[in-house]
Amino acid sequence: MLTWLLLGGSAFLAGAINAIAGGGTLLTFPALVFTGTAPLPANATSTVALWPGAVASAWGYRGVFSEERRALVPLVAVSLVGGLVGALAALKTPGETFARLVPFLMLFAAVLFSVGDRLRAWLARFGAPRPWLVVLAQLPISLYGGYLGGGIGLLMLAAFTLLGGSRDLNRLNALKSVLGLAINLTATLTFVVSGLIDWERAVVMAAAAAAGGYLAARVALRVDVRAVKRLVVAIAWVMTALIFVKTFLPAPRPSAGQVVPRPVRGA
């Protein structure tokens, strides 16, 4: 019961956080790992579980999209391709190698979140370059998003800053939501075909993420985004530390008569 509460609660918060600031993967992925799913299936299951939340939050911002159609077309195309290639790269990475990469990817996301506002302010000093540069910047973001995805929302917000200062936070979040949806669409389809998904967990988490994403998108104007980001930063560092400990510290040997724990799901 506690396992399902942890998975459902992390997915609900992840859907809400993704709609407002990004970084929901920093909740769902560690939650899956800590409740017994191996890293590669956990990555696949987390991606599938959060996709309905991305749909719900994008729908919540639907009134903004008509103002951003010209910017969306090339960015969506790049996001679809990058999400596909990133997910295929994750599948081609051996499970043991992926498990050892995960702590460093989590560390990257945690650092990114910690310096995100300063990064955006620094980028804004350079003015607005040509739009194709922003489209080009979206490619590595979407590749990383398909591979793991922690922190892609903040990466996209930093890239959108380069488009100029005319967009308010809600318009930026609307762009981020629909592009995150595109990245996770191709990644989700890739992971579904791979057969790595823990569907029992994915369905429960998807329902919770969809509820969190839609509700957060509808009340975004009344949410203190800075407080949300501080919460995500704190969670990210705690989860990163725990992932490092779990990955690199040897597990204690069972004493005589001690029951050996069951193997990790998907290992």
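- Within the 4.5 Å cutoff, the side chain of Val192 has heavy atoms near those of the Trp199 side chain.
- Once rounded to the nearest 0.5 Å, the distance linking OG1 of Thr188 with CD1 of Ile197 reads 7.5 Å.
- Proximity of a side-chain donor or acceptor of Trp51 to a complementary backbone N or O of Leu181 within less than 3.5 Å is detected.
- No donor-acceptor distance shorter than 3.5 angstrom exists from the side chain of Asn43 to the backbone of Pro39, with no hydrogens or angles considered.
- For Leu107, the side-chain contact (heavy atoms from CB on, under 4.5 Å) partners two or more places apart in sequence, or in a different chain, are Val111, Trp237, Thr240, Phe244.
- Among residues two or more places apart in sequence or in another chain, the side-chain contact (heavy atoms from CB on, under 4.5 Å) test is passed with Leu84 by Leu88, Thr186, Thr190.
- Here the CG-CE distance, from Asp198 to Met205, works out to 9.5 Å after rounding to the nearest 0.5 Å.
- The main-chain N or O of Ile183 is never found under 3.5 Å from a side-chain atom of Ser79 such that the two would form a donor-acceptor pair.
- In this structure, the separation between CG on Leu40 and CG on Leu101 is 11.0 Å, given to the nearest 0.5 Å.
- Between the OG1 atom of Thr35 and the CG atom of Leu5 there is a distance of 12.0 Å, given to the nearest 0.5 Å.
- Taking the side-chain contact (heavy atoms from CB on, under 4.5 Å) definition, one finds that Val78 meets it with Val135, Gln138, Leu139, Ser142, sequence neighbours left out.
- The minimum heavy-atom distance between Pro52 and Ala206, with the atom names listed, is CG-CB, 3.6 Å.
- Annotation: side chain to side chain donor-acceptor pair (under 3.5 Å) contacts of Thr93 (sequence neighbours excluded): Tyr147.
- Remark: Thr47 pairs with no residue by the side chain to side chain donor-acceptor pair (under 3.5 Å) rule, at least two apart or across chains.
- Legend: residues meeting side-chain contact (heavy atoms from CB on, under 4.5 Å) with Ala42, ordered by chain and number and at least two apart, are Phe29, Leu32, Val33, Thr37.
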